[in-house]
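Report on the structure given below.
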Amino acid sequence: MLKVTYIDFHEKPGSPIHSGWYITDENGAMIGGAHRYADQISGLRALLALS
């Protein structure tokens, strides 16, 4: 089952990885090229487009 999850990476200055909303599997692993969405609604729209 896929879901939209907020992941907090405790970012360091200059890090290419950013906290935000991602599509994840049931284990919390990011899918879809680890695309970060601006908000939960954007992530849900993308998730619906995948189904």
Side-chain angles (χ1 to χ4, degrees):
M1 180 176 86
L2 300 178
K3 58 187 177 179
V4 178
T5 307
Y6 185 82
I7 301 175
D8 185 354
F9 287 107
H10 303 288
E11 301 165 31
K12 295 179 181 176
S15 173
I17 301 172
H18 300 287
S19 299
W21 293 96
Y22 294 88
I23 295 177
T24 62
D25 66 11
E26 64 273 0
N27 297 317
M30 293 183 287
I31 66 153
H35 181 83
R36 182 171 54 102
Y37 296 93
D39 53 32
Q40 189 176 21
I41 295 298
S42 298
L44 288 171
R45 287 184 186 127
L47 183 59
L48 286 173
L50 291 174
S51 57

Shared hydrophobic cluster for Val4 and Leu48 (ILVMFWY, side-chain gaps under 4.5 Å)
no

Heavy-atom check, side chain of Tyr22 versus side chain of Thr5, under 4.5 Å
no

Donor-acceptor contacts under 3.5 Å from residues 27-38 side chains, at least two apart:
none

Residues in side chain to side chain donor-acceptor pair (under 3.5 Å) contact with Asp25, at least two apart in sequence or another chain
none

Look at the side-chain heavy atoms of Ile, Leu, Val, Met, Phe, Trp and Tyr, link any pair under 4.5 Å apart, and say whether Ile7 and Ile41 land in one connected group.
no

Once rounded to the nearest 0.5 Å, what's the spacing between atom CG of Leu47 and atom CE of Met1?
9.5 Å

Non-hydrogen side-chain atoms of Thr24 and Lys3 separated by less than 4.5 Å:
yes

Just jot down the side-chain contact (heavy atoms from CB on, under 4.5 Å) partners of Ser19, sequence neighbours excluded, or say none.
Tyr6, Asp8, Phe9, Glu11

Measure the spacing between CZ of Arg45 and CG of Asp39 and express it to the nearest 0.5 Å.
7.5 Å

